[in-house]
Structures are given as C-alpha cells and as structure tokens.
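This report refers to the structure that appears directly beneath it.
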Amino acid sequence: MQWLSTLDIFFVQLILFPPFVILLGVASALLSSRIFIGPVVTLISALELNYWYFSTILPEADIPPMMIASWAILFPLLSLYFSWLALTPSNRQTLKVFD
C-alpha cells in the first residue's frame, strides 16, 4: 500500500474512496437482497478506510469532525439510493406484464 501514499490526498478523498465504498455497499445490498444493508456497509467501510488512511498518511493529525459527519451522511444516502435502484424492479417490466 505504499503506492497510496504517493497519490494526492484530495484525489484519494474525492475520487478514489467514495466510489469504492459506495460500490462496496451496493454490492453487499445486492448479495443480501436487502436495501438497508448498503448504507450500513458503506458507513462502516468509509469510516474504517478513511481512519486507516489518515492514521497511515498523517499519523499526527486528527480527522476533522466535519469530514466524519459528511461521510456519515452523504455516502450512506448515495448508497441507499443506488441500492434501492439496484434492488427494485423497473416500471417497464411491470408494464409489459399488463400489456
């Protein structure tokens, strides 16, 4: 994981980590067939991954509480939306049944 420390911290926090943790949550929701699992897995994985990253890259710095609050709100909401889209049947399929 030494290559991760060579990347810019803003790139990692804004481009690399968010899609990874949201995809992890949506995949777990698909595997379990339960929508609410996605946001829970996203929240836990985002907090753990970012805590690990900050403790590795900046061991003397604390994680800002506002950043934790944004991870705890934004990422699970996006994961909930994408999990809901992935698990609910589309309207086109139900309309074809009635045609």
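Predicted model, so just to flag it, every value in this text is computed and none were measured.
For the pair P76 and T42, the tightest heavy-atom approach, listed with the atom from each and the gap, is N-CG2, 4.1 Å. Taking all atoms of both residues into account, the shortest heavy-atom contact from L87 to A29 is CD1-O, 3.6 Å. Pairing each heavy atom of G38 with each of S83, the nearest pair is CA-OG, 3.8 Å.
Residues F17 and L78 share a hydrophobic cluster, clusters being chains of Ile/Leu/Val/Met/Phe/Trp/Tyr side chains in contact below 4.5 Å. At a threshold of 4.5 Å between side-chain heavy atoms, the hydrophobic network of Ile, Leu, Val, Met, Phe, Trp and Tyr places W52 and L24 in two separate groups. Using a 4.5 Å cut-off between side-chain heavy atoms of Ile, Leu, Val, Met, Phe, Trp and Tyr, with links allowed through other members, L43 and L31 fall into different hydrophobic clusters. Linking Ile, Leu, Val, Met, Phe, Trp and Tyr residues whenever their side-chain heavy atoms come within less than 4.5 Å places F20 and L30 in a single cluster. Residues L77 and L14 fall into different hydrophobic clusters, defined by Ile, Leu, Val, Met, Phe, Trp and Tyr side chains chained together at heavy-atom separations under 4.5 Å.
With rounding to the nearest 0.5 angstrom, the OG atom of S32 is 4.5 Å from the CD1 atom of I37.
Through side-chain heavy atoms spaced under 4.5 Å, either directly or across other Ile, Leu, Val, Met, Phe, Trp or Tyr residues, V40 is tied to I44.
Atom CZ of F54 sits in a crowded spot, with more than 12 heavy atoms from other residues, nucleotides or ligands closer than 6.0 Å.
At a threshold of 4.5 Å between non-hydrogen side-chain atoms, the residues F82 and L23 do not count as touching. Residues L49 and V21 meet the side-chain proximity criterion, which asks for heavy atoms closer than 4.5 Å.
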Problem set entry | Criterion side chain to side chain contact (heavy atoms under 4.5 Å, CB included) on L80 and I35, from CA distance to verdict | CA-CA 7 Å; L80 178 67; I35 294 173; 3.7 Å; yes
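Looking only at distances, no side-chain donor or acceptor of S79 sits under 3.5 Å from a matching main-chain atom of F75.
For Q13, the side-chain hydrogen bond (donor to acceptor under 3.5 Å, both in side chains) partners two or more places apart in sequence, or in a different chain, are N50.
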